[in-house]
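Every chain is numbered from 1 and lettered A, B, ... according to where its sequence line falls, protein lines coming before strand lines. Side-chain atoms are counted along with the backbone in the values below, which use heavy atoms only and exclude waters and symmetry mates.
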Amino acid sequence: MASAAVPARGILRRVARSPVTKALFPFAIVVALWWSIAAARVFPSAFFVGPDVVAAKIGELLYKGILVGYLRDSIERLASGIVWGLAVGIPAGFLIGLSPLARRFSWPLLLFFQAVGDIAWLPILIIWFGFSLTSVTFVIVYTVIFPLMVSIVAGVDSIPTDMVRAARALGARRRHVLVDVILPGALPAVATGIRTGLGYGWRALIAAEIIVGTSGIGFMMFDARRAGQVTEVFVGMIILGILWYATDALFLAPFERATVERWGMVRRAGAPV
Amino acid sequence: MTGELLVVDGLKKSYVDAYTQEEVVAIDGLSFSVGEGELVAILGPSGCGKTTVLNIIAGFVELTEGSVLLRGKPIREPGPDRGVVFQSFALFPWKTVLANVAFGLKMRGAGRREREGIAREYLELVGLRGFENKYPHELSGGMQQRVGVARVLANEPDVMLMDEPFASVDAQTRMKLQEDLTRIWEERHPTIFFVTHDVEEAVFLSDRVIVLTPRPGRVRQIVDIEIRRPRVWRRLVDDDSFRRTTQDIIDLLGEERDDRRPVAP
Amino acid sequence: MILPGSRLAWFVAPFLVLVLLWWGVVAATDVPARIMPSPQAVWAAAVEQFRTGQLQGHIMASLRRVLIGVALAVVTGIPFGIALGTNRRVSSFFSPLLRFSVALAGIAWIPLATLWLGFGEQAVIFIIWNAVFFALAYNTMLGVSRIPSQLLRAARSLGATRARLFFEVFLPGGLPSIVTGMRVGMGYGWRGLIAAEIIASSAGLGYALFLAQKFYRTDIIVLSMIIIGLLWLLMDRLVLAPLERKTVERWGMKQAVR
């Protein structure tokens with residue numbers, strides 16, 4: 001009976017049970033599946049490469065600094081778009097939520113412009129701003145603000161009337177009601193809206209880069225496709241997926257959890273993607 | 001009637017139904033008054049407009065006709081002079097219990113130390129010492145309502161309006177809260193206007209009960225409660241005076257109700 | 001959409017104000033048509049495009065692709081989602097994977113799709129299928145996995161075979177989520193359609209945008225944008241949203257997973 005085996009088993013069990021492992025395990029299976037399909041040469045290698053090839057390419061691109069450069073460009077654009085999107089969307093959302101006139105007037109317009117979608121704006125943006133950061137930022141802002149505003153309006157609506165009345169019966173003036181009741185009350189909705197908006201923004205960024213990009217991950221994928229380099233396309237998609245997953249799991253979900261659960265409010269079922 | 005704290009005269013409230021576009025009269029001419037330091041209950045079947053009366057006094061809803069005067073001045077908007085305790089508690093979930101109770105004082109511009117000190121006093125009064133740093137969702141319904149009461153009392157309003165405040169808790173807790181409210185009232189004598197549909201609750205708590213008719217609400221009768229204080233449930237359960245008064249009021253309500261009792265199939 | 005007169009007026013009024021503003025700004029600033037068209041120019045383009053049949057052609061091409069893509073996604077996604085959702089362990093296992101895929105669905109696949117299928121119809125339909133499939137499968141899976149196991153036990157103890165279970169329990173039970181998944185997926189799909197058509201096609205509304213941009217025909221660009229918006233608005237508000245509302249109202253709680 002080796003005494004070293006027992007503690008090793010315990011550690012192994014703890015690792016197997018940890019939430020990180022549980023989340024990653026399905027991906028591991030998929031990677032294994034992927035590897036076997038590639039190894040079996042089910043598809044020609046011009047169309048399909050295995051995880052080993054992709055990993056090697058990632059290593060190569062990292063080493064050359066290309067990947068880091070593209071990543072930085074993409075993330076910078078995303079950050080710029082998000083910041084502007086929040087700067088426009090949050091005040092607009094509260095304005096529409098709080099002013100019945102603003103809501104009546106802008107709601108039909110909101111519905112329509114959201115229906116047009118960000119992509120359809122790209123051609124005219126190219127005419128106005130060319131293939132520039134402005135075009136990409138516009139697209140990201142455009143995608144982000146609608147779910148954000150809708151979420152905020154819903155959040156404002158969800159604040160119980162009694163709570164607003166309670167504040168007023170305790171002497172709160174309009175300004176105080178806004179700051180002490182409406183803002184905190186709508187905060188979970190803002191968090192959810194940001195989370196949803198960020199997902200949309202990410203997708204908008206990639207779309208914009210694919211269509212009009214001059215650098216960035218989306219551009220890398222499109223350029224690689226042009227050169228027939230399927231490996232880089234795979235690399236791009238993997239990187240995108242990892243980045244999105246990491247951002248959501250490491251930043252957005254905890255933020256939403258912290259605000260909502262701390263105040264004991266009801267969480268929406270499922271998670272926005 | 002002059003010199004009374006709260007005077008309601010010929011109060012009428014009607015509105016247009018959103019679906020049928022017809023005019024609905026919720027309240028059809030109410031008159032009563034509440035004196036300083038009194039605990040007055042308003043009682044009636046569901047839909048009789050008693051909550052609407054409270055909402056009008058609180059300033060949440062506008063009256064159609066008549067007048068409501070607090071210290072001789074007409075009501076315009078909600079304000080700290082008329083504190084409200086809600087059936088849904090309406091505590092701010094993002095603030096601690098202490099911050100909730102201190103809210104009104106904060107609105108008045110009191111400094112942090114001062115308002116927290118006062119808030120602690122009132123939390124002690126309602127029996128929640130030690131819970132200052134909890135959040136509302138960590139408290140039971142009964143405890144949350146105690147916070148609601150403390151929050152209003154800490155603001156020292158002219159009148160405390162209570163809208164079926166104990167309807168959302170279980171019977172046991174309710175009786176405890178009723179006793180605690182009476183105790184606080186017998187100690188401090190705030191002016192309380194209490195809306196309820198529970199006859200026993202109204203009789204237990206108040207000096208006077210305003211009994212309303214079903215919609216459109218009118219004053220059926222104002223009943224003076226002569227039961228001795230201090231009032232405790234244990235003693236009153238067998239008290240003849242309590243039983244009689246309660247039965248009288250039930251009869252008052254029942255007279256209207258009998259006409260509308262559904263026929264058994 | 002049967003709206004009482006005043007509600008319809010309230011809905012349309014902001015657009016009238018917007019068009020008025022648009023007309024005013026263009027007239028006042030005298031901006032060249034290459035940069036910004038006037039409302040009249042857009043209208044004229046609409047009339048012309050309609051007359052030559054190009055408008056209908058593009059709309060039909062886009063709608064046809066959407067129809068095919070969505071049909072394929074429904075036929076593959078719903079059974080797939082149900083299959084995953086029936087077993088609680090399986091669904092919790094695949095959940096992160098599917099969520100990952102939804103995040104990546106649609107446009108991110110365009111380079112790959114055009115690599116595999118080349119430019120043209122197939123690639124566009126693939127993108128639409130892709131976008132709708134993942135959202136639909138994920139939502140279906142969630143909806144089915146949330147069917148109380150007691151219902152399943154009850155059905156089995158009443159003698160339901162696997163096939164009957166599928167049609168009598170899983171499908172209706174998961175229907176609210178399925179419809180939500182449809183709505184979300186189609187939103188992504190419509191967007192993917194436009195992007196795919198811009199990049200990889202020679203017909204359709206996206207292509208019309210692409211071509212118009214090449215020739216600085218801003219009037220056609222704006223016209224196409226308006227049509228894209230109107231079409232989606234009609235599809236979503238007249239068909240999908242009421243459908244979602246009806247199933248949710250009939251069946252209960254809404255699980256919004258987008």
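- Counting heavy atoms of neighbouring residues, nucleotides and ligands inside a 6.0 Å radius, atom CG of Leu16(C) exceeds 12 of them.
- Smallest separation of non-hydrogen atoms from Phe48(A) and Trp116(C): CD1-CZ2, 4.2 Å.
- Counting all heavy atoms, side chain and backbone alike, Ala108(C) lies closest to Ile210(A) at CA-CD1, 4.4 Å.
- Residues Ile127(A) and Arg34(C) come closest through the heavy atom pair CG2-O, 3.5 Å.
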(request) Go through Leu209(C) and Ile124(A) one step at a time and tell me if the side chain to side chain contact (heavy atoms under 4.5 Å, CB included) criterion holds. (result) CA-CA 9 Å; Leu209(C) 276 175; Ile124(A) 202 152; over 6 Å; no

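- With a threshold of 4.5 angstrom between heavy atoms, Leu233(C) approaches chain A through its backbone and through its side chain.
- Heavy-atom pairs under 4.5 Å with chain A were tallied for Leu205(C), Ile227(C), Thr114(C), Ile107(C); the largest tally goes to Thr114(C).
- Proximity to chain C is limited to the side chain of Val30(A), based on heavy atoms less than 4.5 angstrom apart.
- In this structure, Phe222(A) and Pro111(C) approach most closely via the heavy-atom pair N-CG, 4.2 Å.
- Relative orientation of the Phe27(A) and Phe100(C) rings is perpendicular, given thresholds of 30° and 60° on the angle between their planes.
- Interface remark: Leu18(C) contributes side-chain atoms only to the contact with chain A (heavy atom separation under 4.5 Å).
- With a threshold of 4.5 angstrom between heavy atoms, Ala46(A) approaches chain C through N, CA, C or O but not through any side-chain atom.
- When each of Asp236(C), Val222(C), Ile110(C), Ile35(C) is checked for heavy-atom pairs under 4.5 Å with chain A, Ile35(C) comes out on top.
- Of the atoms belonging to Leu112(C), heavy atoms from both backbone and side chain fall under 4.5 Å from chain A.
- Under the 30°/60° scheme for interplanar angles, the aromatic rings of Phe112(A) and Phe15(C) are found to stand perpendicular.
- For the residue pair Leu111(A) and Arg237(C), the shortest heavy atom distance occurs at CD2-NH2, 3.5 Å.
- Other residues, nucleotides and ligands contribute more than 12 heavy atoms inside 6.0 Å of the CD atom of Gln229(A).
- Proximity to chain C (any heavy atom under 4.5 Å) is shown, for Trp121(A), by both the backbone and the side chain.
- Among Pro147(A), Gly117(A), Ala207(A), the residue with the largest count of heavy-atom pairs under 4.5 Å with chain C is Ala207(A).
- Both tests do not hold together for Arg191(C) against Tyr200(A): distance to the six-membered ring centre under 6.0 Å, angle to the ring axis within 45°.
- Within the 4.5 angstrom heavy-atom criterion, atoms from both the backbone and the side chain of Leu97(C) approach chain A.
- Of the atoms belonging to Leu231(C), not a single heavy atom falls under 4.5 Å from chain A.
- For the set Met221(A), Glu209(A), Arg226(A), the count of heavy-atom pairs under 4.5 angstrom toward chain C peaks at Met221(A).
- Contact of Phe234(A) with chain C is made through the side chain alone, with heavy-atom distances under 4.5 Å.
- In terms of heavy atoms, Gln213(C) sits closest to Ile126(A) at NE2-CG2, 3.5 Å.
- For the atom pair Asp118(A) CG and Ile194(C) CD1, the distance stands at 10.5 Å (nearest 0.5 Å).
- For Trp10(C) (side chain) and Arg104(A) (main-chain N/O), no donor-acceptor pair under 3.5 Å exists by modelled atom type.
- Chosen from Ile199(C), Ile221(C), Ile228(C), the residue pairing most often with chain A at heavy-atom distances under 4.5 Å is Ile221(C).
- Of the atoms belonging to Ile29(A), it is side-chain heavy atoms, and not backbone ones, that fall under 4.5 Å from chain C.
- Panel note: side chain Trp232(C), backbone Val116(A); no donor-acceptor pair is recorded below 3.5 Å.
- Looking at Ala204(A), the atoms closer than 4.5 Å to chain C (heavy atoms on both sides) sit in the backbone and in the side chain alike.
- Between the CH2 atom in Trp190(C) and the CD1 atom in Ile119(A) there is a gap of 13.0 Å [rounded to 0.5 Å].
- For Val12(C), no part lies near chain A; criterion is any non-hydrogen pair under 4.5 Å.
- Both the backbone and the side chain of Leu230(C) come within less than 4.5 Å of a heavy atom of chain A.
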